[in-house]
Every structure is written in structure tokens, then in C-alpha cells.
Student: 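Questions regarding the structure given below will be posed in turn.
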Amino acid sequence: RYDSELTVPYRDNLSSLVHDYQFREIVDAKLFPRIRFIITLGNKAAHTVKPVSRNQAIESLRNLYDFISWVDYSFSSETHNEPFNTSLLADGSELEKKNRKIQEELAAKEAAWKAEKQKLEEMLRSEKERGEYTEKRKRNQEARDFDCDDISEFKTRKIYIDLALEMVGWEIGSNCLEEVEVAGMPNPSGKGFVDYVLYADNGLPLAVIEAKRTSVDPRKGKVQARLYADCLQQELGARSLIFYTNGFETWFWDDAEYPERLVSNFFSKDELDWYFYRKANKKPINAVKINDDISNRVYQKKAIQAVCDTLEKGQRKALLVMATGSGKTRVAVSLVDVLLQNGWIKHILFLADRRELVKQAKKTFANLLPNLSICNLLDTKDDPNSRMVFSTYPTMMNAIDDTRAKDGSRLFTSGHFDLIIVDESHRSIYKKYQDIFTYFDGFLLGLTATPKNDIDKNTYTVFDIEDNVPTFAYELGEAIDEKYLVPYNTIETKMKFMEEGIHYDGLSDKEKEQWEETFDDGINDIGGAALNKFLFNESTVDKVLQDLMGKGICVNGGDTIGKTIIFAANTKHAKFILTRFNALYPEYAGKLASCIYNGIKYVDDEIEKFSTREQYPQIA
């Protein structure tokens, strides 16, 4: 409400507000993981039966204090710099005795806070005032220093890392052991102590974790973590996966197959069990058999094989650039089929930026892979535990926070999906919904006809590939040459005065009289560009509509105009066109869908109406 560089994201709950890319761009980088800790601990308290320790509660309070200090540093006229003082906190017995009094004091403070908040909101309604707060923050951030207390390695491990492990189901002291002694380290004693080891049910290690303090780059623990994995392998005959973390940033390394990569969290026991099962049982995909009933065109098979070759080489992202109408979705279906059959994937996420695209994709997959359990997250009746999930970006962002497994834990953990398919990947994958791709750790496949390579919106960068060099490309020209697609033609309706403008000397005597009544002396010419800016009259619209009905592509033996969409300059013009159409063609009056393209938001429900309901004629 007070900073002009912030807008409310897709919804206004705590997690959405905190993870919004605009908020993350202005808040101090050191603060973000501390804010996440508050949310994670809140989820533990609300959604699990695991107790919250006093140390965890104090750390959460400390982090909240740090955030309030950042607000003070950013927006106040003078900073206070008071350190967080744990001595002010009562112990458990004192709290029990003073609980009622504390509650009364809190209630009084809350009432006063609400009154103050209402006053502020009444004061800060204009964009000018919001802008003033923004400028104040920028000046303060340039002139002041902000810092958070560093956290020791032990405290990092006991508070931040313990919580992260607990939230994905590990039980410290049971299948997750600390300070595990190993032999064979290259030091005088030959011994070492692994910060954490995660174990399978058979007692063999699944992963080692090396912890560093929050101020240290966790990658400094990479070599040490690998040495620990070597020692455990020598002792137990099993190679462990490797994590190294400072509590704020976590890296994962499968040194036998992939380079290290940044992940959003540790993997659960089930996810690590599946990871090892997949490593042991997946089949080569460098010469796969493709189901002709799904994809039988040569270029489609080349696209599928190109992605398989990319994954076989150890790369985890692929981008297909294919002309609209060339069958990108069928290629995606074939890839899912191939990867399932060869043991590479188990759970798949399909993302699109519009409801209609999600519905179409789900329908295609259901028809071509009838044995695959699927779910559209936009349909509350569908089961999110299905093998394949379809969703829009904002719905998936909500589902990460809200969707729960049967035991109350988060269903969509960072390792839940093995493959993420992004349809129309030139849209929506930058900034606003980028967290989806940093959160989930699966293989990433992008589908698009028009990739971007702008500095701030670069499709190729998202997929870690060179500009203009996708994994596979099948452009429109090639598709037309091979007779899979046909070229489009445009029909232009030209009107002389719209092209050349209006000139007084070229008017009839009657028109000159109208001109003189309408315009001031000295105006003798109006150019075509100027006319197009302010003139939108009935005759222009009628001419265009008559051209459409006379020259448009017809269906049903030529009796009905085919599906058509008319784009207007704005809502006012769209309604005007609709009014003129109803007047010219009364047989359609009252039966047309009015679709407004408002900014970047499609009114999908309206589009769906005239696409699928028989009572609407095939025209808009």
C-alpha cells in the first residue's frame, strides 16, 4: 500500500506476497531466507504434529525483528539500531503465570495498531504519496548500511537445516544421523565427522550433508562432502548423493551423472529412494522406439530424439521451437510416453498460461495415453496425487503452498515432479512465476513457436542454452515447404480517406460547408494517421464487417462464416463493433460473445463459450 514499486501479486496471502519477484528485488538479499524460515516454521506449527522448539520460536522472532529493522532502515526518518535482546523473553514458567495479562496487553496493542493503520491508509491513498515513500526508501538504502547477525555453523545446523529436513519427513536421530564418524579422510587422524547422513530402510546411506555457517558460500564444502561420500562408499559399498548447504542456500550433486546444481530444498526419503531406483533401472534413450499412433511425422520424431539425446548427455533442460500447428503437444505426449516406458520419469507437470490451453492439453494426453492418471488442478474434483498434473502458473503457485498429502505434509515438494513441460514457454516464465522453476528440480522441457531473446526476457537463458540455438527447431517456412502447413494470406480493406487523410480542396461544396461548421479557420488538411487516432465511425466499421461476411472463409458448404475473432483497439471500440454487427446482421443479434483483450488478461470463459457451445454461432 505504501511503496509504488510493489503491486499485489496473484493473491494476497503471506507466502505469495513474500515470494513476489517485485518484493524480492527491493528487500535485502540476506533477509529473504530468514523470512522463509518464519513461513516454514509456521507451516510446521499449522500442518504437522511435530513440536516447535523454544530455540526455533526465538529464531523466528529474531528474523521477524530483523525484517522490522529493515523496514525501519528503509522508510524511517532516523534509524534505531537496537539489537535483538533475548533476555526480554520470559521463560516457559513465567509465561504460564503471566499468560492472561500478556493476552490483555496484546489485545490493547492490537486495537491501537488497527487504529493507527486505518489513519495511515487514509493518508496514503495517492500514487504521489506512494512514490514519495519509494523515493525515501531508495535514498535511505544508499545512505545507510543494513546488516543481520551472522549465525554460527552449529546454530545453522540445529535451527535452519534441522527444520528443512523435518519438513520433508526426515527423522533426526532415526533415518537422519548427525556427526557420523568415517574413516579414510586425508588428515593426520584419518577420521572425519559427517554433519548429516540420510539413510535408506536397509541401512545404506542415501546422501551426505555438509553444513556451513550462513555467511559462508556452501560450495566451499563441496570437496569435503565428496570425501565423506568416498569414505562411506569404501566402508559400506554404496555411493551417496551429496548436499552442501549454509541453511539459506542448498546445492545438490550426483557426481556420477550430473554437475552440481542449486536446489530449493533437500529431497524426501521417498524421492531419494526413487532417485536411486531410477539410476539403477532406467534404460538408454539414445535410440528410442516412438509410437506412430502418437507422433508419425519425421520432424516430430527428430524433435523427440533430440530431447532424448540431450537428456542422455546429462543435460536437464530442452527447448523445442516448432511452428504453430506442427504438433508440439503430440511431441510432448510422445516424450512422456518414451520417458515413462524407459523408467526416466514418474510424475509430470504440464504448465500453460491459460485455462483453455490446460484443458486442451489434458484432453490430448487423455486420448493418447489413456492409462496415465491425470489431474487438472483447476478442477477441484481431480486427484492431485495423479501421475500427471496440468495447471496454470498462478494455480500451481497456490498449490505448492496449499496442497497436502494424506499425512498433512506438503504434496508438491521440490523433488515431486521428474519432468516439467512448459507450453508457450515464451510467455509467463520470467520473474513473476520464475520461482516455480527454481522450486521444482525436475527435467524442464519448453514448447514454443516464438522464443524471446530480449535482455530481460530471454527464453534461451531459462533453458541454459545459447541464443537462437534451441534443442530442436521446425520453423513455419520449413513446415510450409514440406506441405504440413499452408501459408496464410491477408485481405486488406482500404479506404482512401483513411490512407491519405482529408483535404479541404478535394471536398464537394456540401462537404466544405460541413468542414467549415466543424473545424476552426486555418485547418485545411487532416492526415490519415491523425484520422486513425480519433476517428472511428459507422461507415468504416460497416465496410470492414461487410468485407468479412462477403470474403471471409465459410464452413458448412459455404452457408456459415467460419470461426473468426476481431481485435479492437480497446473495450469501447469492441462494443461499438458488436453494436454495428447486430444492426447489420440481426439474425445474429444477442447470440454473439463479446471478448475483451484487456492488457495481458484473456477472458477465457468467454472464449470457451463460442469455441465449445453449440448455441453460439461460429463468429465473434
Side-chain angles (χ1 to χ4, degrees), residues 1-36 38-39 42 64 66-76 113-114 116-142 146 264 351-355 358 377-378 391-402 422 424-439 452 454-459 461-462 570-571 596-605:
R1 288 194 176 115
Y2 309 127
D3 197 310
S4 62
E5 290 192 347
L6 297 176
T7 55
V8 177
Y10 55 93
R11 63 175 186 169
D12 62 356
N13 71 339
L14 178 63
S15 186
S16 304
L17 291 164
V18 164
H19 285 87
D20 179 61
Y21 75 94
Q22 295 169 315
F23 175 76
R24 291 183 63 175
E25 283 181 352
I26 72 166
V27 77
D28 192 277
K30 295 186 291 292
L31 269 179
F32 186 71
R34 297 169 191 254
I35 297 170
R36 275 181 52 185
I38 301 171
I39 297 173
L64 181 58
D66 283 340
F67 175 65
I68 298 302
S69 297
W70 177 84
V71 174
D72 183 43
Y73 144 85
S74 297
F75 297 105
S76 67
W113 172 76
K114 284 181 178 177
E116 186 67 22
K117 181 169 176 279
Q118 187 173 354
K119 266 195 237 175
L120 281 170
E121 287 175 4
E122 288 170 0
M123 288 167 54
L124 295 165
R125 286 179 177 169
S126 72
E127 280 301 312
K128 179 185 175 185
E129 287 163 321
R130 292 182 77 222
E132 288 171 356
Y133 260 75
T134 303
E135 290 306 312
K136 187 175 186 179
R137 170 176 54 79
K138 289 179 177 178
R139 289 194 305 270
N140 284 345
Q141 289 176 345
E142 287 180 7
F146 177 79
S264 61
L351 291 169
D353 63 353
R354 289 195 287 126
R355 292 169 176 265
V358 169
L377 278 184
L378 283 74
S391 179
T392 58
Y393 296 94
T395 300
M396 191 69 241
M397 291 285 276
N398 294 346
I400 290 172
D401 292 328
D402 297 343
V422 186
E424 300 299 340
S425 57
H426 60 287
R427 301 196 296 246
S428 303
I429 60 175
Y430 319 100
K431 288 189 176 181
K432 189 174 183 182
Y433 300 118
Q434 185 67 41
D435 271 349
I436 294 177
F437 308 108
T438 54
Y439 176 74
K452 293 178 179 286
D454 302 333
I455 291 174
D456 60 337
K457 292 185 177 180
N458 190 313
T459 312
T461 300
V462 173
N570 54 42
T571 302
I596 310 301
Y597 182 87
N598 180 17
I600 59 168
K601 178 177 171 57
Y602 287 93
V603 186
D604 288 309
D605 292 342

Student: For Phe23 and Trp70, take the angle between the two ring planes, folded into 0 to 90°, and tell me which bin it lands in: parallel under 30, tilted 30 to 60, perpendicular over 60.
Tutor: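 Plane angle over 60°, so perpendicular.
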Student: Among residues at least two apart in sequence or on other chains, which ones pass side chain to side chain contact (heavy atoms under 4.5 Å, CB included) with Asp72?
Tutor: Ser76, Thr79, His80
Student: Looking at every heavy atom in both Gly131 and Ser4, which two are closest together, and how far apart are they?
Tutor: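 Looks like CA-OG, 3.7 Å.
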Student: Tell me whether Arg130 contacts the main-chain N or O of Leu6 through its side chain, where contact means a donor paired with an acceptor under 3.5 Å.
Tutor: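 Yes, Arg130 side chain to Leu6 backbone: donor-acceptor pair under 3.5 Å.
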Student: Nearest heavy-atom pair of Phe32 and Val18: which atoms, and what distance?
Tutor: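 Looks like CE1-O, 3.5 Å.
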Student: Does the side chain of Phe437 reach to within under 4.5 Å of the side chain of Val422, using non-hydrogen atoms?
Tutor: yes
Student: With the side chain counted from C-beta on, respond yes when Ser391 and Val358 share a heavy-atom pair under 4.5 Å apart, and no when they do not.
Tutor: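 Side-chain contact under 4.5 Å: no.
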Student: Which atom pair, heavy atoms only, marks the closest approach of Asn140 to Ser74?
Tutor: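 For Asn140 versus Ser74, the nearest heavy atoms are ND2-O, 2.8 Å.
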Student: Using side chain to side chain donor-acceptor pair (under 3.5 Å) as the criterion, list what pairs up with Glu132, not counting sequence neighbours.
Tutor: none
Student: Got a second to check how far Arg355's CZ is from Thr395's OG1, nearest 0.5 Å?
Tutor: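 Between Arg355 CZ and Thr395 OG1, I get 6.0 Å after rounding to 0.5 Å.
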Student: Kindly write out the residues that satisfy side chain to side chain contact (heavy atoms under 4.5 Å, CB included) with Glu5, not counting sequence neighbours, or none if the list is empty.
Tutor: Asp3, Ile26, Thr134, Arg137, Lys138
Student: Do Ile436 and Tyr393 touch side chain to side chain, with heavy atoms closer than 4.5 Å?
Tutor: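 They are in side-chain contact.
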Student: Starting from the C-alpha separation in whole Å, work towards a yes-or-no answer on side chain to side chain contact (heavy atoms under 4.5 Å, CB included) for Ile38 and Phe67.
Tutor: CA-CA 11 Å; Ile38 301 171; Phe67 175 65; 5.8 Å; no
Student: Hey, what do you get for CG (Asp20) to CD (Glu25), rounding to the nearest 0.5 Å?
Tutor: 9.0 Å
Student: Kindly write out the residues that satisfy side chain to side chain donor-acceptor pair (under 3.5 Å) with Tyr73, not counting sequence neighbours, or none if the list is empty.
Tutor: none
Student: By the definition side chain to side chain contact (heavy atoms under 4.5 Å, CB included), identify the one residue from Leu378, Asn398, Asp353 that meets it with Thr392.
Tutor: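 With Thr392 as partner, side chain to side chain contact (heavy atoms under 4.5 Å, CB included) holds for just one option, Leu378.
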Student: For Ile400, which residues count as a side chain to side chain contact (heavy atoms under 4.5 Å, CB included) partner, sequence neighbours excluded?
Tutor: Met396, Arg410, Tyr439, Phe440
Student: List the residues meeting side chain to side chain donor-acceptor pair (under 3.5 Å) with Arg24, not counting sequence neighbours, and say none if there are none.
Tutor: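 With neighbours one apart ignored, the set is Asp435.
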